[in-house]
Protein chains: 2
Amino acid sequence: MQHVAEAARVSVATVSALLNGTATVSPELTQRIEQAIRDIGYKRNAIARSLKMGTTRTIGLTVPHITNPFFTDVVSVIQQAFDRAGYAVMLCCTDEDLNTQDEQIRLLLDRMVDGLIVARVGDGGILKDIVEDANVPVVLLDRLCEGVDTDAVVLDNRRAVFDAVTYLIHLGHRRIGYITGTSDISPMHDRMIGYREALQAAGLPVAEELVRSGNFHEIDGYNATMQLLSLHDRPSAIFSANNPMVIGTMKAIRDIGLSCPEDISVACFDDFPWSDVFVPQLTTVAQPVQAIGEQAANLLLDRLAGNRDAPPRKLVLKGRLMIRNSCRPLGAVAQSVSA
Amino acid sequence: MQHVAEAARVSVATVSALLNGTATVSPELTQRIEQAIRDIGYKRNAIARSLKMGTTRTIGLTVPHITNPFFTDVVSVIQQAFDRAGYAVMLCCTDEDLNTQDEQIRLLLDRMVDGLIVARVGDGGILKDIVEDANVPVVLLDRLCEGVDTDAVVLDNRRAVFDAVTYLIHLGHRRIGYITGTSDISPMHDRMIGYREALQAAGLPVAEELVRSGNFHEIDGYNATMQLLSLHDRPSAIFSANNPMVIGTMKAIRDIGLSCPEDISVACFDDFPWSDVFVPQLTTVAQPVQAIGEQAANLLLDRLAGNRDAPPRKLVLKGRLMIRNSCRPLGAVAQSVSA
DNA sequence: AACGCTAATCTAAACGTTTCGAATCTGTCA
DNA sequence: TGACAGATTCGAAACGTTTAGATTAGCGTT
């Protein structure tokens, strides 16, 4: 800008005024300045601007795993939304680890991000302090956080699993295995409740040996399924509470020599693009990823636009049961269906 | 830092020296400063630091689509690598559009990223100028770019497709449909060559009606497959040159009432986590995503570490044919196999 | 006692912007 | 003619760091 000003024989203040439209500058100088900018190939330095203005037009986004297709989709939507608004997004993967998350959030804050969207991990950690300081707005994604009172968009997980398990019960299943992630994050907690409530609503017992938990990864789903299938009275259906784990479930079923849905029915949380091309076509709970991403972005953009004092808003969206053919009717139900 | 200095009754220079370890400061002052930092809860402002130092410890990463599992995986690996090195990464999706890409690269450059990893789109666009200016190092990912002479890591696409198509030929297939993306990007170009060379090497004709091109999306694969399957002499096998398009291929096969591999064999580029759990288990060309991501990160980190003048390095990695059961033997071959 | 050396600390300029208030210019009006 | 208003333009401080060079203090030598 220094150089531009010299070349155009004006002051830097004038150049700045023209660039930002903060004051009227005469046609003559406008002309000279624009010419100089072109000659020099000048580009305004956003870092210096950020320093002075106190805003970077950059937001931070952290997710546990980007390879989980649910997060992939949501990240994609969020990225697009902020791109449209002229914001850049810094992406971090926390790998389901609280320390990593804290570190990455610090990294983002150091870089003066204007806002944060967090699919949090563990208990909130450093998040609590950040929200309380209230310098940078935070919106929680997918997972609520006790003691962190801020904007959030989540799914009605309880209801979604309730519906899915109820569907299995209607098909005639009585012993339904359930594979959950670690229960310290809200969706897993709520989904588990949905499972229990569905059983109770149908007057079925909640057998603890049918509930297994893992750490979200394929291998955990595999191990959990192996355990379920080796029970003396094994379940006739399995519901897996997240997407990577159901891959493990399918592999375990295959390895043990069973097949789905003939020998065992399977349903899971999170839809994925392949779900209706291959056999079996998995019955899933689809999350409205587009809406989730857009709402999260909108909540944050609204705060960034200056609406800082409104009370925290919590958006709860509905999942949708995508019934395909990985669950088969059992017993009397099967009779009446085939009749 | 101002406040810390006052509270500790030292100058800002001393605080800075302590923080950066650029000069020895006495135990006494160290103590006072550290105490002040704790009391105040001081965090160094990375933006001001960046302005002064001319480096942001942030890199930019652009990919065409983050939902393509290949890019998802690579992004994940790259993010981890830079995280380990203390860098943040700004992620942009260009949506296979050159203008979007140019815009996003400008956005990243404005923010003074220290380096750029680009899975480019269209002809290089603005990229050419950036590489020539040589202010910020660029490494190309997955896709080379004519006239842009810089570090790159790509797959030996020609060879990978050559092997896959040769495999199909060995199975007895003679008419092999080929679905490609737009041929203006190097991998698509090279893969197509691999296809042609494999046919030629086997003495087979290259029938132009068997080659269809689309724009990388599922719907394009669907349409292309529909066309191929409605040929009077339809192919007995289809190779799809990218991952989202093969979903379309599978859907088209299903919708037209055929099944894979009984009626038609399918293979495709890019492996994915589900490939061996469902039926049919797709035969794919797996890219070494871990290595690709790490190498790209290493190339850039090396430049960032100061090695600016070394000539451009081009890394070519090998794909791996993952043979599963979506392709069946045909004719004489089938006889001898079942015999 | 004066000197030089080392180690520790400080002063002040710089990075590239934005912005406030002051300065200049051009007409207009009393 | 002189004062005033409005429109432009400018000078300089500020944002929060880093860093070169100046200053100071402590201490052993001669």
Side-chain angles (χ1 to χ4, degrees), chain A residues 1-37 40-58 86 88 106-114 133 135-136, chain B residues 1-37 40-58 86 88 106-114 133 135-136:
Chain A
M1 187 173 282
Q2 187 74 264
H3 300 120
V4 172
E6 278 164 19
R9 286 162 291 137
V10 300
S11 75
V12 289
T14 309
V15 178
S16 178
L18 176 62
L19 254 37
N20 297 311
T22 49
T24 50
V25 1
S26 67
E28 192 193 334
L29 292 203
T30 299
Q31 154 96 34
R32 287 218 306 264
I33 293 172
E34 282 173 347
Q35 184 61 49
I37 287 179
I40 297 185
Y42 165 78
K43 294 254 27 181
R44 179 164 64 192
N45 181 319
I47 295 291
R49 183 163 215 263
S50 293
L51 177 59
K52 183 67 187 169
M53 306 274 278
T55 164
T56 50
R57 286 193 86 76
T58 300
R106 258 190 285 265
L107 179 109
L108 292 169
L109 254 27
D110 278 358
R111 283 170 172 71
M112 282 184 47
V113 290
D114 292 342
D133 283 4
N135 280 326
V136 353
Chain B
M1 186 174 280
Q2 186 74 262
H3 300 120
V4 172
E6 279 164 18
R9 286 162 292 138
V10 300
S11 76
V12 289
T14 309
V15 178
S16 177
L18 177 61
L19 254 37
N20 296 311
T22 50
T24 50
V25 359
S26 68
E28 192 193 336
L29 292 203
T30 300
Q31 155 96 30
R32 288 217 306 264
I33 293 173
E34 282 173 347
Q35 184 61 48
I37 288 179
I40 297 184
Y42 166 78
K43 295 258 21 181
R44 177 165 63 190
N45 181 321
I47 294 291
R49 182 163 216 263
S50 293
L51 177 60
K52 183 65 188 170
M53 305 276 277
T55 164
T56 51
R57 288 194 85 77
T58 300
R106 259 190 284 265
L107 180 108
L108 292 170
L109 254 27
D110 278 359
R111 283 170 172 72
M112 282 184 48
V113 291
D114 292 342
D133 284 5
N135 279 326
V136 353

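Lettering of chains follows the sequences in order, A, B, ..., and the numbering in each one begins at 1. Quick caveat: nothing in here was measured; it's all calculated off a predicted structure.
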Between [X] ([atom1]) and [N] ([atom2]), how many Å, whole number?
X       : N      : atom1 : atom2 : value
B/Met1  : C/dC15 : CE    : C1'   : 15 Å
B/Lys43 : D/dC15 : NZ    : P     : 21 Å
B/Arg57 : D/dT17 : CZ    : P     : 17 Å
A/Leu18 : D/dT9  : CG    : P     : 10 Å
B/Leu51 : D/dG16 : CG    : P     : 12 Å
B/Arg32 : C/dT9  : CZ    : C1'   : 11 Å
B/Glu6  : C/dT11 : CD    : C1'   : 15 Å
B/Arg44 : D/dT17 : CZ    : P     : 8 Å

Heavy atoms from C-beta onward define the side chain here; which of [options] lies closest to that of [X]?
X       : options                : answer
B/Ser11 : C/dG16, C/dT11, C/dT19 : C/dT11
B/Val12 : D/dA12, D/dT18, D/dG16 : D/dT18
A/Met53 : D/dT19, C/dT19, D/dT9  : C/dT19
B/Arg49 : D/dC10, C/dC15, D/dT18 : D/dT18

Sugar-phosphate only, base, or nothing, as touched by B/Ser26 at under 4.0 Å among non-hydrogen atoms: sugar-phosphate

Sugar-phosphate, base or nothing in reach of A/Ile47, heavy atoms under 4.0 Å: nothing

Atom CD of A/Gln31 with >12 non-hydrogen neighbours under 6.0 angstrom: no

Quick check on [N]: is either OP1 or OP2 less than 4.0 Å from any side-chain nitrogen or oxygen of [X]?
X       : N      : value
B/Ser16 : D/dT18 : yes
B/Thr24 : C/dA8  : yes
B/Thr14 : C/dC10 : yes
A/Asn45 : C/dC15 : no

Pair B/Lys43-A/Asp110, salt bridge (Lys or Arg N to Asp or Glu O under 4.0 Å): steps then yes or no: CA-CA 7 Å; B/Lys43 295 258 21 181; A/Asp110 278 358; 3.5 Å; yes

Audit row: B/Thr58, A/Arg111, side-chain hydrogen bond (donor to acceptor under 3.5 Å, both in side chains) steps and yes/no: CA-CA 9 Å; B/Thr58 300; A/Arg111 283 170 172 71; 3.0 Å; yes

Closest heavy-atom pair and its distance - A/Leu19, A/Ile37: CD1-CD1, 3.7 Å

Side-chain touch A/Met1/A/Tyr42, heavy atoms, less than 4.5 angstrom: yes

Upstream residue (5' side of DNA chain C) when B/Lys52 and B/Ala23 are each assigned their closest nucleotide: B/Ala23

